[in-house]
Amino acid sequence: MIKITFPDNSVREYESGVTPLQVAESISNRLAQEILVASIKRAADEDFVITELNQPLTEDCAIRLHKWDDAEAKHAFWHTSSHLMAEALQELYPGIQFGIGPAIENGFYYDVYPAEGQVIKDSDFPAIEQKMMELRAKKEQLQKTYITKADALKQFGDKGQHYKCELINDLEDGTISTYTQGAFTDLCRGPHLVSTEPIKAVKILSCAAAYWRGDETRPMMTRIYGISFPKKSQLDEYLTLLEEAKKRDHRKIGKELELFMFSEMVGKGLPIWLPKGTALRLRLEDFLKKIQKRYGYQQVITPHIGSKNLYITSGHWDHYGKDSFQPITTPEEGEVYLLKPMNCPHHCAIYKNTPHSYKDLPFRCAEFGTVYRYEQSGELHGLTRVRSFTQDDAHIFCRQDQVKQEFIRVMEIIEIIFRALNFENFEAQISLRDPNNRTKYVGSDEVWEKAEKAIIEACEEKGLPARVEYGEAAFYGPKLDFMVKDALGRRWQLGTIQVDYNLPERFDLEYVGEDNQKHRPVMIHRAPFGSMERFVAVLIEHTAGKFPLWLTPDQAVVLPISEKSNEYAWKVKEMLEAQDVRVLVDDRNEKLGRKIRDNELKRIPYMLIVGEKEAEQGLLSVRQQGAEEKGQMTIQQFADFVNDTVKKQMSAY
RNA sequence: GCUAAUGUAGCUCAGUGGUAGAGCGCAUCCUUGGUAAGGAUGAGGUCGCGGGUUCAACUCCCGCCAUCAGCUCCA
């Protein structure tokens, strides 16, 4: 008999050799049907190890039974799905060779090399899905077999699986296993589902080329992506989510709402802000400027280029010189300049411009600084990956003992912003030094330890959930990055706060201390939005273009019912604008229903319907975007309503 | 950068080796309307750019440019 401990710490006894599936059956049939994989921890194990449901248990252990909701179950489910897809591909494309086929964050893929003359295209996906479902219906069991290296090489060599042989060659004899279901055998470590039967819904999503083992000198494989679920309804839900994400694509909405554009003529990766997008961005900038003013920042403006020597001093030339836009030179004197890839060197120059006393610190200078970075053409993507963008940058020069307080103050700013923009869900990542290799960092152990401690304590004090990542710090200092979850649950990295010991050293920055001696200030880089481009992109996808009232380019549109009311409509606009409400008039020669529809699609928050009745009494019929009628108001009531709502939305500040 | 796909009217897209089409938008006119598409007429295109094949190229071939996806998740 062996003792098995459950997650609730209860212990039960079982015959030695019992399988996790039997353990589940002993609890309930329902559980046995739902679990996909288990993990166990024996006395000798440091942590839980995922195991298959048919793996006999022969010693005392703790067990966890994983249903679909657990990441472990999804991983095994998708891994087995990739085998099922491979089995289907083997039938449909005789002679196909297989590379690797792992589970990924959302689904799975398999890298394959079709036989001479065969190509797998999008149009083949339904056939692959159908074949997978056919094979699944056979309820094939996955059989794990340990095999010697020599046998494995022979077995896969005989089948012409050259890529598999290459993988086997890299493995240590005695650790090699295969999984077989039906006529398909794959080199694999597992773990897997015990059967392909639970894979009830599958969708092949895309195929694209991928280098064998990520190496561009090696052959190009066809990578086929898919996703699968235990229930059809889950697949439908997932596909709906994908569609919703597509609808929210900021590139599409940005075009529809005329927020920004790109032009081949201007150059790729160079976003151009159109009037409506600019209005929105300026409102964001003004909002942040106002907060920053309260938090003791001073706004500065610096040129878009800087002398090459500036970047030699900062170290950026050494680090990024080759991967930047190349230097600009003057025609006569041969002076050399670089487009600025960062604002910090300019800000260091500002700091150096005047002597500083310890009493003056922190010195905080902020700039919406546009920077230019060379990105490989294949990396460019909408507003999220561009070659010119504006950082809501600021640099705080402070004493070491002020670091924690400054972090807390920056975190407050970030919180205000996230709240004002309805990012309810956010978390932080603390990036610290690699504990095993401290040589790659600049600055003394002492200051690093202080700074790392300051960041951790700042998070604790603010009650901010933070994940600590070792080895993720920049070479010049530890950092704190902010991740938000958008309305579809997608995670985006936005703001960042970074401590820097490097630049103060390189620029020989100093302040005079209480002791009348010179000291080195600490520098903190921070950008709550990150970049205006990226932030607006995320905001568009988060809100689907329905921006909060305070931010939206146009807050209301007046819809005259007929030409007879046009004059009143324009008067309404004028009166509302006098009270800072942003209003359009739709006086096209169209029926009301049409105007409502068109303006709904423009995502304007309020429609003000005015006809003869309203004109007589100085009223508006207010309709909220999303079909909600709010009844009639006077012009003044509506202006107050908008201004109160905006004030409320901004009340975080 | 690499690999594949795509590039036709302002937008979304159809189409053919014999010099182009739809819907929406736009303009004009009719209609003067009450909460998600009223009607008619019309304008609008060097079919991404440059070469080549051909009697003839938007179509086929080559090169370039741009867009999009993947190239990061490791049997």
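This structure is a prediction, so every number in the text was calculated from the model and none was measured. The chains referred to below are lettered A, B, ... by the order of the sequence lines, with proteins before strands, and numbering in each begins at 1. Note that these values count all heavy atoms, side chains included, but never hydrogens, waters or copies made by symmetry.
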Suppose you measure atom P in B:rC11 against the same atom in B:rC30; what distance do you get, rounded to whole Å? 31 Å

Among B:rG38, B:rU32, B:rA37, which nucleotide has an atom closest to any side-chain atom of A:Lys591? B:rG38

Work out how far the C1' atom of B:rG17 is from that of B:rG52, and round it to whole angstrom. 15 Å

For A:Glu614, answer base if it contacts any base atom (sugar-phosphate contacts may also be present), sugar-phosphate if it contacts only those atoms, and nothing otherwise; contact means non-hydrogen atoms under 4.0 Å. base

Using distance alone, with no hydrogens and no angle criterion, decide if A:Trp492 and A:Glu541 have a side-chain donor and acceptor under 3.5 Å apart. no

Restricting to non-hydrogen atoms, name the atom on A:Ala86 and the atom on A:Phe98 that form the minimum distance, rounded to 0.1 Å. O-CZ, 3.3 Å

Please work out whether the ring planes of A:Tyr238 and A:Phe229 are parallel, tilted or perpendicular, with thresholds of 30° and 60°. tilted

Checking all strands, does A:Glu258 fall into the base, sugar-phosphate, or nothing category for heavy-atom contacts under 4.0 angstrom? nothing

Please work out if A:Glu379 contacts a base, only the sugar-phosphate, or nothing of the nucleic acid, heavy-atom cut-off 4.0 Å. base

Atom CZ of A:Phe156 and atom P of B:rA75: how far apart are they, to the nearest Å? 14 Å

Using the C1' atom as the reference point in each nucleotide, state the distance between B:rG38 and B:rG15 in Å, no decimals. 31 Å

Assigned partner base of B:rA14, Watson-Crick or wobble definition, under 3.5 Å: none

Rounding to the closest angstrom, what is the interatomic distance between B:rU6 and B:rC13 at atom P? 14 Å

Work out how far the P atom of B:rC29 is from that of B:rA66, and round it to whole angstrom. 44 Å

Rounded distance (Å) that lies between atom P of B:rC71 and atom OH of A:Tyr113: 20 Å

Please tell me if A:Arg223 has a side-chain N or O lying less than 4.0 Å from either OP1 or OP2 of B:rG70. no

Between A:Gln181 and A:Glu87, do the side chains contain an N or O donor and an N or O acceptor separated by less than 3.5 Å? yes

How far does the C1' atom of B:rG18 sit from the matching atom of B:rA56, given to the nearest Å? 7 Å

Residue A:Ile176, side-chain heavy atoms: nucleotide from B:rA75, B:rU35, B:rG70 that is nearest: B:rA75

Rounded to whole Å, please give me the gap between NZ in A:Lys246 and P in B:rA69. 10 Å

Of the nucleotides B:rU35, B:rA36, B:rC71, which has the atom closest to the A:Ile609 side chain? B:rU35

Parallel, tilted or perpendicular: which one describes the rings of A:His83 and A:Tyr179, with boundaries at 30° and 60°? perpendicular

Please tell me if A:Lys564 has a side-chain N or O lying less than 4.0 Å from either OP1 or OP2 of B:rG33. yes

Any base atoms under 4.0 Å from A:Thr175, or only sugar-phosphate, or nothing? Heavy atoms, all strands. base

Residue A:Arg597, side-chain atoms from C-beta onward, closest of B:rA66, B:rG33, B:rA37: B:rA37

So what does A:Phe98 hit on the nucleic acid, given a heavy-atom distance under 4.0 Å: a base, only sugar-phosphate, or nothing? nothing

When you measure from the side chain of A:Asn589, which nucleotide among B:rA75, B:rU3, B:rU31 comes out closest? B:rU31

Please report the distance separating the P of B:rG51 from the corresponding atom of B:rG45, rounded so that it comes out in whole Å. 22 Å

pair_partner(B:rA66), Watson-Crick or wobble, both distances < 3.5 Å, evaluates to B:rU6

Paired nucleotide for B:rC73 [Watson-Crick or G-U wobble; both distances under 3.5 Å]: none

Closest of B:rG38, B:rU35, B:rC71 to the A:Arg623 side chain is B:rU35

Which is true for A:Thr178 with a 4.0 Å heavy-atom rule: it touches a base, it touches only sugar-phosphate, or it touches nothing? nothing

Could you work out the separation of B:rC58 and B:rU53 based on their C1' atoms and round it to a whole Å? 16 Å

Atom CD1 of A:Ile604 to atom C1' of B:rA36: distance rounded to whole Å? 14 Å

Among B:rA75, B:rU67, B:rU35, the one nearest any side-chain atom of A:Leu171 is B:rA75

With heavy atoms under 4.0 Å as the rule, sort A:Gly611 into base, sugar-phosphate or nothing. base

Round to the nearest Å and state the distance from A:Tyr109 atom OH to B:rA69 atom P. 19 Å

Could you tell me how the ring of A:His192 sits relative to the ring of A:His79: parallel (under 30°), tilted (30 to 60°) or perpendicular (over 60°)? tilted

May I ask you to say what A:Lys255 touches in the nucleic acid, namely base, sugar-phosphate or nothing, with a heavy-atom cut-off under 4.0 Å? sugar-phosphate

Looking at the side chain of A:Glu264, which of B:rA75, B:rU32, B:rC65 is the nearest nucleotide? B:rC65

Atom-to-atom span, OH of A:Tyr146 to P of B:rA75 - whole angstrom: 15 Å

Per nearest nucleotide of RNA chain B, the residue lying toward the 5' end, A:Asp249 or A:Ser177, is A:Asp249

Side chain of A:Ile100 (C-beta onward), nearest among B:rA75, B:rC71, B:rG33: B:rA75

How is A:Arg251 classified with respect to the nucleic acid when contacts are heavy atoms under 4.0 Å: base, sugar-phosphate, or nothing? sugar-phosphate

Pairing nucleotide - B:rA40, Watson-Crick or G-U, each distance under 3.5 Å: B:rU28

Minimum heavy-atom distance A:Thr222-A:Pro114, with the two atoms named: OG1-CD, 3.9 Å

Grab the two heavy atoms, one from A:Glu375 and one from A:Val386, that are nearest each other, plus how far apart they are. CG-O, 3.5 Å

Counting only side-chain N and O atoms of A:His381, is one of them less than 4.0 Å from OP1 or OP2 of B:rA69? yes

Choosing from B:rA36, B:rA66, B:rU3, which nucleotide comes nearest the side chain of A:Met220? B:rU3

